[in-house]
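Whatever order the structure lists them in is the order used to number ligands and atoms, beginning at 1. Everything numeric in this text was worked out from a predicted model, so none of it was measured.
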Amino acid sequence: MSKVLKLIEEDITRQRNTLVLIPSENYVSKNVLKALGSVLTNKYSEGFPGARYYGGNEIIDKIEIYCQQLANKVFKTDYAIVQPYSGSPANMAVLLTLAGLGGTVLGQSLFAGGHLTHGASASFTSQMFNAVQYGVRNDGRIDMEQVRSLAKIHKPKMIWVGTTAYPYILDYQGFAEIAESIDAWLVADIAHVAGLIAGGVHPSPVKYVDVITTTTHKTLRGPRGGMILITKKGLKKDPQLGKKIEKTVMPGLQGGPHDHQTAAIAVALEEILKPSFKKYAKQVIKNAKVLAKELGGISETHLVLVDLRKYGFGLGYQAQYALELAGITMNRNTVPKEAGSAFYPSGIRMGSPALTSRGMKEKDMVRIAGWIKQVLEEIRRHDLPKEQEKRKDFMKVYKQEMSKNKKLKAIRREVEKFAKKFPVPGVDN
Ligand code: DSN
């Protein structure tokens, strides 16, 4: 047997025995896996349906057109581009088309819950564009007054509205008023909440924005991939907008589309149109609310951000590590107005989409939050050294110490016993 196939088996066991609280992860169905692992990966299809640079695309055209139709049906948009390899390339195509190289773009800071591609200093989007960043107020919500004033001063060509670590509903209408007042394009990056919008449990930006970008593998429960959707509003402003962005995707940024990925996105979109998906989306919200309540946070979406400053200084990394030892995966994250860095932040980010896909309900969230609280007690007093040069050695010693922690081992046994009771979609059902 191939070494890789054996390692995949090992990861199936890991997925079965652990609890995934990473809010951007999920489980796909057997049919999504089937399409993703299909012979469509053998094909080259540079171009778009009806205008390919290679022969043999008769069936691929049907699949891509079907995928576009499904995307427009699910999100009530008017033009769909389903070829971007993932979210970051989708965002790059939109930036290059709407702002142009060097153009000014206003986006939410990574430290305030925005995305890397919305202009973070470590991202190409701050090197290739003039990135201006807005943040959040002390209460953690977006500072709309700051957005308004930055828009007025810098006159961006494009404004991002969309987040990766933000537990609140966004004021799409407020953003639209600001964008309209300076004649800027407004783009919603709905990667995190796309499934909630599709399931009708979260407001849709479609009326307010010109363009929507999304990944397809988070709450949408599809394969890894990206989509760009153009709204009526966007097409009214420029009837050629879809064609222009399409051209930036291919040949501008990409070569041949991943046809197996397109097919798997179409399968996921078919599943989203079934009534069972609405039920799923509702349960995601209910579960996140329980997690937030139990852990002292707030959630209006699928996501909960927990500020660990009440347990000590710079505990995000330590918490992520200890939780992983206990069989609970989530990721460390900065929290608004904190002094730490993205590598050594003060918070953890979690969410309910993956657990909900395994069939867990509110009472299960209470139990899981109980384990999380016990783990967090174990990391109290393991504050990060204030001196940067001491941090690496500190983490080395911390990891050795934690790997021997009996309490974490005991929780892991309970977690495994519990997790195994819930089937892993795509594998067990
Ligand atoms: N990495 C994704 C997330 O976890 O939110 C965003 O791209």
Side-chain angles (χ1 to χ4, degrees), residues 15 18-28 84-95 105 107-126 131 133 136 140 142 160-170 187-198 202 211-229 253 261 265 268 284 288 291-292 297 299-306 316-317 319-320 323-324 328-336 341-343 345 347-357:
Q15 294 196 21
T18 57
L19 297 172
V20 174
L21 279 100
I22 295 171
S24 47
E25 288 189 9
N26 216 328
Y27 299 94
V28 299
Y85 297 146
S86 200
S88 294
N91 286 355
M92 186 60 165
V94 171
L95 281 163
V105 181
Q108 187 165 342
S109 146
L110 184 68
F111 287 90
H115 188 250
L116 272 171
T117 55
H118 297 180
S121 60
S123 153
F124 61 82
T125 53
S126 68
Q133 301 260 276
V136 291
I142 291 173
W160 284 114
V161 53
T163 60
T164 59
Y166 187 77
Y168 307 107
I169 286 173
L170 295 165
V187 184
D189 178 343
I190 62 165
H192 263 262
V193 292
L196 306 180
I197 294 169
H202 187 91
V211 177
I212 294 173
T213 65
T214 185
T215 49
T216 47
H217 48 269
K218 297 185 175 91
T219 45
L220 278 183
R221 294 206 297 201
R224 281 177 188 276
M227 298 197 292
I228 302 170
L229 309 167
L253 289 168
Q261 187 183 36
I265 294 172
V284 167
L291 275 177
S299 180
E300 294 172 357
T301 60
H302 63 304
L303 182 144
V304 186
L305 201 56
V306 178
Y317 194 169
Q320 179 193 306
L323 284 160
E324 182 153 5
I328 299 171
T329 58
M330 61 178 67
N331 66 286
R332 60 191 192 272
N333 218 96
T334 51
V335 288
S341 64
F343 201 78
I348 41 177
R349 185 188 73 150
M350 63 187 83
S352 56
L355 298 179
T356 310
S357 290

So which heavy atom in the protein is nearest atom 3 (C) of ligand 1, and how far is it from that ligand atom?
Ser24 OG, 3.4 Å
Quick test: of every protein heavy atom, which one is nearest to atom 5 (O) of ligand 1, and how far off is it to 0.1 Å?
His192 NE2, 2.6 Å
Quick test: of every protein heavy atom, which one is nearest to atom 7 (O) of ligand 1, and how far off is it to 0.1 Å?
His115 NE2, 2.8 Å
N/O donor-acceptor pair under 3.5 Å between Thr117 side chain and Ser123 backbone:
no
Has Arg224 got its NZ or CZ under 6.0 Å from the middle of the six-membered ring of Tyr85, at an angle within 45 degrees of the ring axis?
no
Below 4.0 angstrom from a heavy atom of Arg349, which ligand 1 atoms are there? Numbered from 1 as shown, please.
3 (C), 4 (O), 5 (O)
Judged by modelled atom types alone, do Ser86 and Ser88 share a side-chain donor-acceptor pair under 3.5 Å?
no
Could any protein non-hydrogen atom be found less than 4.0 Å from atom 1 (N) of ligand 1?
no
Examine distances only and state if a side-chain atom of Arg349 and a backbone atom of Thr164 form a donor-acceptor pair shorter than 3.5 Å.
yes
Quick one about Asp189 and His118 (side-chain donor to acceptor, distance below 3.5 Å, no hydrogens or angles considered), yes or no?
yes
When you look at CD of Glu324, are more than 12 heavy atoms from neighbouring residues, nucleotides or ligands closer to it than 6.0 Å?
no
With heavy atoms only and a cut-off of under 4.0 Å, state how His217 meets ligand 1: side chain, backbone, both or neither.
neither
Show me which atoms of ligand 1 lie under 4.0 Å from any heavy atom of Thr164.
5 (O), 6 (C)
